[in-house]
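All remarks here apply to the structure that follows.
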Amino acid sequence: MSTFETLRQLHAIIGSALIDLETNFSGKNLDWPSLDKPFAPGAAEIAAAQCVEATNKIVAAAEQITATVRGPSFTLFDASMAYHLPACLRFVEQTHVVEILREAGSGGLHVDEIAAKNDQNALKMNHVLRLLATHHILREVKPNVFANNRISSTFDTGKSVKEILADPAAKYDNTNGMAAFIDMAGDEMFKASAYLTETYTDPKTKHSLEPSQASFQRALNMDTLYFPWLESTNRVRRFGVAMIGSSQWEAPDAILQGFPWGSLPKNSLMVDVGGGIGSLALKIAKVHPHIRMVIQDRPVVIGMGEGFWKAQLPDALSSAHDFFEPQPYRDASVFLLRAICHDWPDAFVIKILKHLRDAAQPHTKLLLGDHIIPYACPDDTEASDLPGAAKTLAPAPLLANLGRASAVAYWVDLTMQTMFNGQERTLSQIVSVLTAAGWKVVNVHRVGDSRFSHITAEII
């Protein structure tokens, strides 16, 4: 097949997906949300979130066309200097630019006026804002005048600048978590990534899978593990809210579709292991109040979550628990671990899961929520035959893993490696660690084309 034939096929994939989107929206008398306007929760955004398959095809095909027609050197320049994006995003988040622009209105605000409000250097900030506008994060509506758009407004905390300045530590409280996630990603995670090469090539650490010998420790020149460090630096409050933001990796209400909660008998027990402040368990409890809930996490996290639970669902229980110790609840119908296994190397995951296996009853199910890393080629492994698994996610000539449309899963994978010596796993790797811990995968559930999946296992 010639390159032009490939390009025409990719063009056709975009055209077909666009027709699907337009047909879907015209039937609802809606227009697709505008990039130039702030994010507005409502019918159009809800409908857009339900069009994952079509949007993923457009993203994957457009990126593959770009990679094909653009000069290779420019693609490499782009990739090698993209480190400025998280740095600039964090600067904008830390200096409350999005909230300032929201208060300024749709006409935007001159960079000098922004600088007067957040006490920054206007010349330096201008370069930051223009780079983000060039990547469709913010808009430059007139020379040196910037305004929010659909993307930037997504990490607006919704609070007034006056309120934020009065209590900066509470900025992220009661938000969607995106601002907290951007700050976390541009802070310790960005710094850890910068030391990937040194950590991977140093003879002392290149083969180590110890959580204390990851790039994160090298970047901060210490051997403290990440979560104790969080607690010692008062970043744990931000982390808890950032995890709410990370739930946007998943399709809306994916946890409700990822397991047959309604089939559990009344008073069945669900133990959310490493459940944070309990936002995910609360989502389940609101729809399935017949299920008893227990939230387990580190003592400091449980302390943060108690107020949240008392206000939202006072009947739920919380319990400080180290998941490397034996599991105290031995009557659970479901053990839930969302985004836990990816924090740890295989040997540590197996230890966590063995404790759950030891506490399990014959009817107990294990539910993992994690990204499944697809191969960039068709999957011909035995695991691909499991119920719900997929050998390929896209039609040729797209990459089998949907390329750029799946990039978040691979960003998270490298983050887990540089922060913890952990990893996101292929389905074969997930099956392997579960089997070693005494569990058997029985089902894989994805919503739409999301890489974030729910894997159900039962005892062997």
Side-chain angles (χ1 to χ4, degrees), residues 227 231 236 240 243 247 254-256 258-344 347-370 430 433-443 445 454-460:
F227 289 107
E231 295 168 12
V236 69
M243 290 302 96
S247 67
I255 185 61
L256 300 177
F259 186 82
W261 302 105
S263 67
L264 295 178
K266 186 177 181 179
N267 291 324
S268 294
L269 175 64
M270 190 279 280
V271 180
D272 190 354
V273 182
I277 64 173
S279 54
L280 191 67
L282 177 62
K283 183 177 288 189
I284 300 169
K286 284 184 173 180
V287 179
H288 301 285
H290 69 287
I291 300 174
R292 293 181 294 135
M293 300 284 176
V294 170
I295 316 302
Q296 295 180 327
D297 214 304
R298 296 170 65 89
V300 66
V301 179
I302 290 298
M304 291 169 52
E306 283 179 346
F308 173 84
W309 273 99
K310 286 177 181 177
Q312 299 285 342
L313 200 71
D315 291 336
L317 300 176
S318 58
S319 171
H321 175 63
D322 179 350
F323 46 48
F324 289 114
E325 298 297 326
Q327 172 59 233
Y329 288 93
R330 310 184 74 84
D331 59 341
S333 294
V334 181
F335 288 120
L336 170 63
L337 291 88
R338 180 196 178 274
I340 299 297
C341 294
H342 71 176
D343 290 344
W344 301 97
F348 292 79
V349 173
I350 291 169
K351 184 174 183 179
I352 294 169
L353 298 180
K354 278 186 173 178
H355 282 311
L356 300 181
R357 171 63 182 85
D358 291 342
Q361 301 301 315
H363 68 278
T364 302
K365 297 293 189 291
L366 175 69
L367 182 63
L368 303 184
D370 266 314
I430 292 172
V433 294
L434 284 169
T435 301
W439 296 93
K440 178 178 69 175
V441 175
V442 295
N443 184 64
H445 190 275
H454 290 93
I455 301 102
T456 302
E458 58 188 26
I459 62 174
I460 296 176

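Reckoned from all heavy atoms, side chains included, excluding hydrogens, waters and symmetry mates. Positions are given from 1 along the sequence.
Annotation for Pro265 and Ser268: closest pair O-OG, 2.6 Å, computed over non-hydrogen atoms.
Taking 4.5 Å as the limit, every side-chain heavy atom of Ser279 sits out of range of all side-chain heavy atoms of Met243. When side chains are defined from C-beta on, Cys341 counts as touching Leu368, because their heavy atoms get closer than 4.5 Å. Contact of the Leu269 side chain with the Tyr329 side chain is registered, since non-hydrogen atoms from C-beta on lie closer than 4.5 Å. Counting only heavy atoms from C-beta outward, the side chains of Ile459 and Trp439 approach each other to under 4.5 Å.
Under the side chain to side chain contact (heavy atoms under 4.5 Å, CB included) criterion, Val442 pairs with Lys440, Thr456, Glu458, sequence neighbours left out.
Using cut-offs of 30° and 60° on the angle between ring planes, the pair Phe348 and Trp344 is parallel.
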### Message
Pair Leu264, His288 - check side chain to side chain contact (heavy atoms under 4.5 Å, CB included), show working.
### Response
CA-CA 9 Å; Leu264 295 178; His288 301 285; over 6 Å; no
### Message
Please evaluate residues Leu336 and Ile284 with respect to the criterion side chain to side chain contact (heavy atoms under 4.5 Å, CB included), reporting the C-alpha separation (whole Å), side-chain torsions for both, the decisive distance (0.1 Å), and the verdict.
### Response
CA-CA 11 Å; Leu336 170 63; Ile284 300 169; 4.2 Å; yes
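Atom-to-atom distance recorded for Ile340:CD1 and Phe335:CZ is 14.0 Å, nearest 0.5 angstrom. To the nearest 0.5 angstrom, Leu337 atom CG is 8.0 Å from Phe323 atom CZ. A distance of 8.5 Å separates CG of Asp370 from CZ of Arg338, quoted to the nearest 0.5 Å. Taking CD1 of Ile455 as the reference point, atom CG of Leu366 lies at 9.0 Å (rounded to 0.5 Å).
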N/O donor-acceptor pairs under 3.5 Å from side chains in residues 291-299, not counting sequence neighbours:
{"unit_1": "Arg292", "atom_1": "NE", "unit_2": "Asn267", "atom_2": "O", "d": "2.7"}
{"unit_1": "Arg292", "atom_1": "NH2", "unit_2": "Asn267", "atom_2": "O", "d": "3.2"}
{"unit_1": "Gln296", "atom_1": "OE1", "unit_2": "Gln327", "atom_2": "NE2", "d": "3.1"}
{"unit_1": "Gln296", "atom_1": "NE2", "unit_2": "Gln327", "atom_2": "OE1", "d": "2.9"}
{"unit_1": "Asp297", "atom_1": "OD2", "unit_2": "Gly276", "atom_2": "N", "d": "2.7"}
{"unit_1": "Arg298", "atom_1": "NE", "unit_2": "Glu231", "atom_2": "OE2", "d": "2.5"}
{"unit_1": "Arg298", "atom_1": "NH2", "unit_2": "Glu231", "atom_2": "OE1", "d": "3.3"}
{"unit_1": "Arg298", "atom_1": "NH2", "unit_2": "Glu231", "atom_2": "OE2", "d": "3.2"}

Which atom pairs, one a donor and one an acceptor, fall under 3.5 Å between side chains of residues 352-365 and the rest of the protein, sequence neighbours left out?
{"unit_1": "His355", "atom_1": "NE2", "unit_2": "Phe324", "atom_2": "O", "d": "2.9"}
{"unit_1": "Arg357", "atom_1": "NE", "unit_2": "Gly438", "atom_2": "O", "d": "3.3"}
{"unit_1": "Gln361", "atom_1": "NE2", "unit_2": "Arg330", "atom_2": "O", "d": "2.8"}
{"unit_1": "Thr364", "atom_1": "OG1", "unit_2": "Ala332", "atom_2": "O", "d": "2.8"}
{"unit_1": "Thr364", "atom_1": "OG1", "unit_2": "Gln361", "atom_2": "N", "d": "2.8"}
{"unit_1": "Thr364", "atom_1": "OG1", "unit_2": "Gln361", "atom_2": "O", "d": "3.3"}

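Remark: the backbone N or O of Leu256 is not paired with any side-chain donor or acceptor of His454 at under 3.5 angstrom.
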